[in-house]
S.K.: 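Just passing along the structure, written as structure tokens.
Values reported hereafter were calculated over all heavy atoms of this structure, with side chains retained and with hydrogens, waters and symmetry mates removed. Nothing here was measured: the structure is a model prediction, and the numbers come from that model.
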Amino acid sequence: LDFDTPSHSVQGSVVVMRRGGCSFREKYLNAVRHGAVGVVIVVHDESLFLMTSDPLPDPTIPIIQISRYDGEFLFENYRGEPISLFSIQD
């Protein structure tokens, strides 16, 4: 989704993208335009940071960032089937 046309449908999906290629804003807007319900940005290393250099419009879907380690785990273990994500809180 770094580009205008994804290679497959993302309608109703949470999209996981590596950092780079274009701005966070462009990644987010492409995901929204193609019907995603959430965006996960995988950073280059283990440090997370504020994505403020190119502010987003009022977000209509969630956008988060995760470490490279966690992102690579997702990419390596995804088998093309739907997956479930769970939030565990104290």
Side-chain angles (χ1 to χ4, degrees):
L1 282 178
D2 293 344
F3 308 104
D4 291 332
T5 307
S7 59
H8 57 277
S9 174
V10 299
Q11 183 73 35
S13 299
V14 174
V15 180
V16 181
M17 295 180 270
R18 287 183 175 91
R19 182 178 176 201
C22 64
S23 70
F24 295 118
R25 178 186 179 93
E26 189 174 344
K27 288 178 186 294
Y28 176 82
L29 292 174
N30 283 340
V32 168
R33 184 172 46 248
H34 292 289
V37 296
V39 176
V40 177
I41 304 291
V42 178
V43 298
H44 295 301
D45 52 31
E46 300 308 305
S47 58
L48 305 178
F49 56 90
L50 293 175
M51 296 182 278
T52 58
S53 62
D54 192 8
L56 296 174
D58 292 331
T60 57
I61 63 173
I63 179 172
I64 64 167
Q65 57 181 301
I66 62 174
S67 70
R68 178 179 178 193
Y69 176 84
D70 292 332
E72 292 307 320
F73 177 84
L74 289 176
F75 290 127
E76 290 171 12
N77 291 284
Y78 179 66
R79 304 283 183 248
E81 301 168 1
I83 61 172
S84 298
L85 300 175
F86 298 94
S87 173
I88 300 173
Q89 301 176 0
D90 294 31

S.K.: From Lys27 NZ over to Met17 CE, what is the distance, rounded to the nearest 0.5 angstrom?
M.R.: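 Going from NZ on Lys27 over to CE on Met17, the span is 6.0 Å.
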S.K.: Under the side chain to side chain contact (heavy atoms under 4.5 Å, CB included) test, which residues partner Phe75, sequence neighbours left out?
M.R.: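 Result, side chain to side chain contact (heavy atoms under 4.5 Å, CB included) vs Phe75: Val16, Arg18, Val42, Glu72.
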S.K.: Check whether any side-chain heavy atom of Arg19 sits under 4.5 Å from a side-chain heavy atom of Phe24, and report yes or no.
M.R.: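 Yes, side chains in contact.
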S.K.: Looking only at heavy atoms, what is the nearest atom pair of Ala31 and Val39, with distance?
M.R.: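 Here Ala31 and Val39 meet closest at CB-CG2, 3.5 Å.
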S.K.: Got a second to check how far Leu29's CG is from Ser23's OG, nearest 0.5 Å?
M.R.: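 Nearest 0.5 Å value for the CG-OG distance: 7.5 Å.
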S.K.: If you round to the nearest 0.5 Å, how far is CD1 of Ile41 from CD1 of Ile63?
M.R.: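 Rounded to the nearest 0.5 Å, the CD1-CD1 separation comes out at 4.5 Å.
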S.K.: Do the side chain of Tyr28 and the main chain of Ile61 share a donor and acceptor less than 3.5 angstrom apart?
M.R.: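 Yes; judged by distance alone, with no hydrogens or angles, the pair exists.
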S.K.: Any side-chain heavy atom of Ile66 sitting closer than 4.5 Å to one from Val43?
M.R.: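 No, every pair of side-chain atoms sits at 4.5 Å or beyond.
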S.K.: Should Phe73 and Val40 be regarded as members of a common hydrophobic cluster, given that ILVMFWY residues are connected when their side-chain heavy atoms come within less than 4.5 Å of each other, either directly or indirectly?
M.R.: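 Phe73 and Val40: separate clusters.
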